[in-house]
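Quick note: numbers below take in every heavy atom, side chains included, and nothing from hydrogens, waters or symmetry partners.
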2 protein chains.
Amino acid sequence: MALLRTREAVVQRFRTVLSRHGLTEQQWRILRALDGHEGLEISLLAEQCRILLPSMTGILRRMEQRGLVRRYANQADGRSIRVRLTETAQALVEEIKPEVVGVYAEIERILGQRKLEQLYALLEELEAGLLEGGRRSGAV
Amino acid sequence: MALLRTREAVVQRFRTVLSRHGLTEQQWRILRALDGHEGLEISLLAEQCRILLPSMTGILRRMEQRGLVRRYANQADGRSIRVRLTETAQALVEEIKPEVVGVYAEIERILGQRKLEQLYALLEELEAGLLEGGRRSGAV
DNA sequence: TATTGTTATACTCTATAACTATA
DNA sequence: TATAGTTATAGAGTATAACAATA
């Protein structure tokens, strides 16, 4: 249960930071995924952010209304739609980054650098394995 | 971001298992917290599960309607209410446990026992530190 | 026919403020 | 006055199925 419980404590930290800027955790994942990209297809974005497509539609609609993202058509394939950040969104990401870094700094203060790196490595390995397994055998 | 991203993969595993039994992650946390206890006060339960009281009211109402928990008054203090599992709920917990263990087994298969223990220890330490810090300095 | 994305629908949780009743 | 819990509200994400447009 440790992962689930700890997650709750960590996520609440992030939610506090993000909600001050009117963002949810999912919206932040989308901002981060799009940051530094010319534009991503919605289905690719959904996969990277681990958000289902119907949820994605709603989340992107809210973000678009708020002027954070823009949809634009893909000339090569009329079905697919790409999304990219507006300048407003890029500025917002830069504004929030330091605060998010603050949360990580708190974590590092608690664990120390060596253990934080250990934790990070373990999580990466676990994530890779879970995705791999998920692809192979479907959801557990 | 590793913790947030990995969390998503892990949580989706659990959600898959739990939703087959019509449970949410929060309801599972409550079931686990109450399992093996005579009864817990709602505010204590909320703290342990990291769920806000107003959310708790709704979640408990749904669980009570489904016959999983029962509220009963505290004679010593007319304001506080205790909650405990019904036999149905206890049977359900026993039924689900092996499946949840299956998810942990998958994690152990990915990381190996030694690394899993490492991960567990790091998370425990992080959680304790976050709670400590949260109590001391407020959110973030 | 298969794929990309949206719509429809119903449910659950989050979060804040206001309120009730006990203490 | 303070505490335990509920109610009222509004908003947001999850999940499944059905659908439209394009390939």
Side-chain angles (χ1 to χ4, degrees), chain A residues 4 7-9 11-31 39-66 68-69 71-83 138-139, chain B residues 4 7-9 11-31 39-66 68-69 71-83 138-139:
Chain A
L4 285 188
R7 151 202 113 94
E8 204 62 27
V11 164
Q12 276 180 6
R13 287 295 193 291
F14 283 104
R15 268 207 285 260
T16 305
V17 168
L18 296 176
S19 75
R20 276 204 289 266
H21 299 277
L23 293 175
T24 65
E25 195 203 325
Q26 288 80 1
Q27 292 177 357
W28 177 244
R29 289 211 301 271
I30 291 171
L31 289 178
L40 249 57
E41 283 174 23
I42 291 183
S43 51
L44 201 65
L45 183 63
E47 193 188 340
Q48 278 187 23
C49 297
R50 302 205 221 311
I51 292 174
L52 295 176
L53 270 176
S55 304
M56 207 65 187
T57 299
I59 299 173
L60 287 179
R61 191 186 64 238
R62 284 183 283 277
M63 293 178 78
E64 196 166 17
Q65 280 168 353
R66 200 179 144 188
L68 294 178
V69 299
R71 287 170 162 87
Y72 58 102
N74 183 348
Q75 295 164 340
D77 185 337
R79 294 170 302 182
S80 96
I81 294 174
R82 308 191 125 208
V83 189
Chain B
L4 285 188
R7 152 201 114 93
E8 202 63 28
V11 165
Q12 277 180 5
R13 285 296 193 291
F14 283 103
R15 268 207 286 260
T16 304
V17 168
L18 296 175
S19 75
R20 275 203 290 267
H21 299 277
L23 293 176
T24 64
E25 194 204 327
Q26 288 81 0
Q27 291 176 355
W28 178 244
R29 289 211 302 269
I30 290 171
L31 289 177
L40 250 56
E41 284 174 23
I42 291 184
S43 51
L44 202 64
L45 183 63
E47 192 188 340
Q48 278 187 24
C49 297
R50 302 204 220 312
I51 292 173
L52 296 177
L53 270 176
S55 304
M56 207 65 187
T57 299
I59 298 173
L60 287 179
R61 192 186 62 238
R62 284 182 284 278
M63 292 178 79
E64 195 166 18
Q65 280 169 352
R66 200 179 143 188
L68 295 178
V69 299
R71 287 169 161 89
Y72 58 103
N74 184 347
Q75 295 164 338
D77 186 338
R79 294 169 301 181
S80 97
I81 294 174
R82 310 192 122 206
V83 189

Would you say dT14(D) has OP1 or OP2 under 4.0 Å from some side-chain N or O of T24(B)?
no

Would you mind listing every side chain to side chain donor-acceptor pair (under 3.5 Å) that reaches into residues 52-66 of chain A, with sequence neighbours excluded?
E64(A)-R71(A)

Could you walk me through whether T24(A) and I59(A) pass the side-chain contact (heavy atoms from CB on, under 4.5 Å) check?
CA-CA 10 Å; T24(A) 65; I59(A) 299 173; 5.6 Å; no

From dG5(D), dT6(C), dA12(D), nucleotide with atom closest to I81(A) side chain:
dT6(C)

Heavy atoms from C-beta onward define the side chain here; which of dG5(D), dG13(D), dT4(C) lies closest to that of S43(A)?
dT4(C)

Send over the distance from L40(B) CG to dA4(D) P, rounded to a whole Å.
14 Å

When the distance from CE of M63(A) to P of dG11(D) is rounded to whole Å, what number comes out?
18 Å

Taking C-beta and beyond as the side chain, do M63(B) and L31(B) meet within less than 4.5 Å on heavy atoms?
yes

Tell me whether the OP1 or OP2 atom of dT6(C) has a side-chain N or O from R71(A) closer than 4.0 Å.
yes

Whole-Å distance separating the CZ atom of R50(A) from the C1' atom of dT14(D)
16 Å

Taking all non-hydrogen atoms of both residues into account, name the closest pair between L18(A) and W28(A) and its distance.
CD1-CB, 3.6 Å

Sequence-aligned protein contact record of nucleotides 17-23 of chain C, with B where the base is within under 4.0 Å of a protein heavy atom and S where only the sugar-phosphate is:
B----BS

So, OP1 or OP2 of dA12(D): does either fall under 4.0 Å of a side-chain N or O from Q27(A)?
no

I51(A) and I30(A), any side-chain heavy atoms less than 4.5 Å apart
yes

5'-most contact on DNA chain D (nearest-nucleotide basis), R15(B) vs L60(B), goes to L60(B)

Expressed as a whole number of angstroms, how long is the span from L52(A):CG to dT7(C):P?
17 Å

Tell me: CZ of R62(B) to C1' of dT12(C), nearest whole Å?
5 Å

Could you work out which one of dA4(D), dG13(D), dT14(C) sits closest to the side chain of I51(B)?
dT14(C)

Look at the side-chain N and O atoms of S55(A) and state whether any lies under 4.0 Å from the OP1 or OP2 oxygen of dG13(D).
no

What's the verdict on side-chain contact (heavy atoms from CB on, under 4.5 Å) for L40(B) and Q48(B), showing C-alpha distance, side-chain angles and the deciding distance?
CA-CA 10 Å; L40(B) 250 56; Q48(B) 278 187 24; 4.0 Å; yes

Can you see if the side chain of R61(B) gets near the phosphate of dT6(D) - specifically, an N or O under 4.0 Å from OP1 or OP2?
no

Without decimals, in angstroms, what is the distance between R20(A) CZ and dT16(C) C1'?
16 Å

To the nearest Å, give me how far apart CG (L18(B)) and C1' (dC11(C)) are.
16 Å

Atom pair distance, as rounded to whole Å: CD in Q26(B) and P in dT14(D):
12 Å

side-chain hydrogen bond (donor to acceptor under 3.5 Å, both in side chains) against S80(A), all qualifying residues, sequence neighbours excluded:
N74(A)

